[in-house]
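Order of listing sets the numbers, starting from 1, for every ligand and every atom in it. Scope of the values below: all heavy atoms of this structure, side chains included, with no hydrogens, waters or symmetry mates. What you are looking at is a predicted structure, and each value in this text was computed from that prediction instead of being measured.
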Amino acid sequence: MPLKLARFKEDLNEEQYKAVCTTEGYLRVLAGAGTGKTKTLAYRYAYLLTALGMSPKAVLCVTFSNKASREMRCRINKLCGDIALPYVTTFHAFCCDLLREDIHALSFVKNFTVIDVSDVKEVLKPIFKSLGITGKDFTLKDAWEYIDWKKGDISYVPVMCAYDSNNILEAAANASNLKEQVFWQYIYQCRTACFLDFDDLIAFALTILRTRKDIKEKWQSRFEYIEVDEFQDIDALQYELISILSGKHKNLFIVGDPDQTIYSFRGANVKYFTDFAEKFPGTVTINLFKNYRSQAYILDCAYTLISNNDDPGRKKLQAMRKDIDMDAMAAIAEIKNNEEDDLKTADLLKAAFNKQLLPNDYPVEFKIVEDNKKTMLPVIAGCPSVQSQAEFVVREILNIKDINRHSSVAVLYRSKHLSQSIEQALIKYNIPYRVYADVRFMERKEIKDVVSYLRLIFNPDDDAAFVRIINVPRRGFGITRLSRLKNLASQDNHSLFRTLVHRLDDRDLNVTAAVKEFVENIILLNEKSPAGPSAELEKVLNLFKYEVMLKKEGDNDRLESLATLRFLARDFENKMGERSNIADFLTHLALSSSKDDDNNENQVELMTVHNSKGLEFDYVFVVGVNEGIFPSSKSSSLQELQEERRLLYVAMTRAQKQLFICMFGGTAYSGEELKVSRFIEEFREDEIFVTGKKLIKPYLNSAVKHVLKHFSIGDKVTNPVLGYGKIEEVNEKSGEYLVYFKSINKSRTLSFSAPLELIDANDDD
Ligand SMILES: Nc1ncnc2c1ncn2[C@@H]1O[C@H](COP(=O)(O)OP(=O)(O)OP(=O)(O)O)[C@@H](O)[C@H]1O
């Protein structure tokens, strides 16, 4: 059904409507979190099609991620019916389309293969091997970061595409350092295999547009209108691409929010958004500031946090949602004890949520908060350990009263390694979940490998475990030998491992010294009286050289997974005490990895904050808000810290109904005591509800110190109850205003945090 024009006015607010209908020229929309940026973009696209009658082929709408472009297509299809939308796309997909059509201009093959980051690592591995590079020199990730950085200068493209590929080898031979050598070897391998990585897609497309006037004009003519989402996060090359493409018709619509710039580390620069009007004279700017997503307390708290960053023309967001049912929300467990320790807290949480009497020997006060106002405030939870944090999250999830879809709950974290303790707790309580764009912890290759070692030691007849690890690390026991062994095993009617033990000198198998060593070690560990899980794990990692292999490959991600596994083993021992053994630990792990139906929509969503961009959930838990984690220990400069703050702001503004910000105590691997994030210190005490005060309280400064002054003497303001008023005095020390209200013909003293909105100085009250 065609969209009725009246609907645009009905569905949109005044500013959104203006943005949708201003179709000609340069338009910049400065849209705060949850103010309907995506909605405006979708409606504008629909408006171009229905009101102007444009063909979808003439409108380019570029979003930041595949997820965002799927969402955009879905929204447009809801408005315009089931039509094809060939150019609602991402930067990379668009460049790929352009190259499939015009890569001949670079004399590169049309049937190139696009490779992603994991493929890049596979291309790099043999290069590392041939150059004898180990993790001590640099890691695969370091190499990839160098390549990514190098490709910021696209002058490599003609070399990569040149007829004579010896040029590339020459560049590699003349390289001034090892990383540079890896770069050119990588380019050579990609050229030979006809691979293009994501950086190449942009670099190749831009090279064509820069150098081939005819092709440039073709693409410029094609797109009469261009829309770009998340413009605050575009980089120099993407900016140039859009500038070129919009160069003929000059109808460019951009939306962005400087407070949500979270990709500076990848070269994004917010200046392309903030300086847009100078670059393109005649630009109209529209501000969207009415937030339709979150309840007011969440927005207030997020605003307090982000106000610590430079002000890029920030406007306080106005909460529009009035429909939130407080009774449906999760009650909060308030921990008031002074002597928390890890296990006790978990038990206490359990008791509190089950409304059981607390055991007498806990010298604590612990209760469920039933106060609506407190429940609405963002909760800051200080959990004594990473496990009690997970316990807290899961218990709160179970306690949400209106939870009909688990997918209305998200657990967000700064670093993906934080997911595993949450995963364990969700499994324990049978709550379905999905880890966004990631492999679950127990399904990661390295974890399965190491668990297979443990299984084989425990049970040498475990053929599945044997097959998985006999040649990892490589021991000269590939597919051919394995298939011979399988035949022999079925003749002997033995398991694979036992057959191998009996046939070590069999000529057919011709086993290597490394395989013999493997067999000896398995037998040795199997015969020894088993140690606790963590000691056993250590032996496996050392004896079988698994960890050495990862170090050689420089695979930090996998090494960090092993660190997590060590942590799990230690934790299991702590919990189970002297009784703990490897068999129980294996059972525990096996149960943890039981698969749920991944297509099930009814799953709690686990993801990094970066992945949560553009999404919204009723209930949001941000976990691991610890100093060194969030902000990351890698962020030390002012700019980096501001980016981390924006990242937390993005996480907080995903929440619609309730927001939980959790940190955990304990000791880090480095031996240092874990601390509360500096961002928690930036919240105002009156804007949050703290549970687990023992950990949090020492870090909170007095509310007054943190209260921000928003208004000056003479400002005209409005209050939802008292109506129009005028600021008469500002008392910085007490954090209060004296405001004269016309409705009562009196002045009232109100705190800086009172609900006051600035009204236009020209407004006549
Ligand atoms: N005019 C409106 N009336 C009612 N609801 C609206 C309006 N505009 C947007 N919304 C709703 O507000 C929520 C946020 O909108 P949207 O996802 O488009 O925001 P956004 O600006 O893209 O957010 P962010 O940048 O934080 O990801 C959505 O649930 C959307 O349906």
Distance-only N or O hit between ligand 1 and G34, under 3.5 Å: yes
Looking at non-hydrogen atoms alone, which of [options] comes nearest to [atom]?
{"atom": "atom 1 (N) of ligand 1", "options": "M320, Q16, Q260", "result": "Q16"}
{"atom": "atom 23 (O) of ligand 1", "options": "E15, R321, R293", "result": "R293"}
{"atom": "atom 7 (C) of ligand 1", "options": "Y43, Y292, Y17", "result": "Y292"}

What atoms of ligand 1 come within less than 4.0 Å of a heavy atom belonging to [X]?
{"X": "R654", "value": "24 (P), 26 (O), 27 (O)"}
{"X": "A33", "value": "26 (O)"}
{"X": "D11", "value": "1 (N), 2 (C)"}
{"X": "R75", "value": "17 (O), 18 (O)"}
{"X": "E616", "value": "13 (C), 14 (C), 28 (C), 29 (O)"}

Any heavy atom of [X] closer to ligand 1 than 4.0 angstrom?
{"X": "N13", "answer": "yes"}
{"X": "T653", "answer": "no"}
{"X": "Q656", "answer": "no"}
{"X": "A31", "answer": "no"}

Inspect the contact between [Y] and [X] and indicate whether a charged nitrogen and a carboxylate oxygen are less than 4.0 angstrom apart.
{"X": "E616", "Y": "R654", "value": "no"}
{"X": "R266", "Y": "D235", "value": "no"}
{"X": "K316", "Y": "D300", "value": "yes"}
{"X": "K250", "Y": "E24", "value": "no"}

For [atom], what is the closest protein heavy atom, and at what distance to 0.1 Å?
{"atom": "atom 21 (O) of ligand 1", "value": "K37 N, 2.8 Å"}
{"atom": "atom 19 (O) of ligand 1", "value": "G36 N, 3.2 Å"}
{"atom": "atom 22 (O) of ligand 1", "value": "T38 OG1, 2.4 Å"}
{"atom": "atom 18 (O) of ligand 1", "value": "K39 N, 3.0 Å"}

Do the ring planes of F231 and F276 sit parallel (below 30°), tilted (30 to 60°) or perpendicular (above 60°)?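 F231 and F276: perpendicular rings.
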Fit a plane to each ring of Y87 and F223, take the angle between them on a 0 to 90° scale, and name the class: parallel (under 30°), tilted (30 to 60°) or perpendicular (over 60°). perpendicular
Are Y43 and Y17 close enough that their ring centers fall under 6.0 Å? no
Specify the closest pair of heavy atoms between D97 and P86, including all atoms of both residues, with the distance to one decimal.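 D97 and P86 have their closest heavy atoms at OD2-O, 4.4 Å.
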Exercise check, heavy-atom protein proximity under 4.0 Å to atom 31 (O) of ligand 1: no
Determine whether more than 12 heavy atoms belonging to other residues, nucleotides or ligands lie under 6.0 Å from atom NZ of K18. no
Nearest-0.5 Å distance that lies between atom CG in D310 and atom CD in Q639: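 These two atoms lie 8.5 Å from each other.
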Look up atom OH in Y413 and atom CD1 in I422, then write down how far apart they are to the nearest 0.5 Å. 9.0 Å
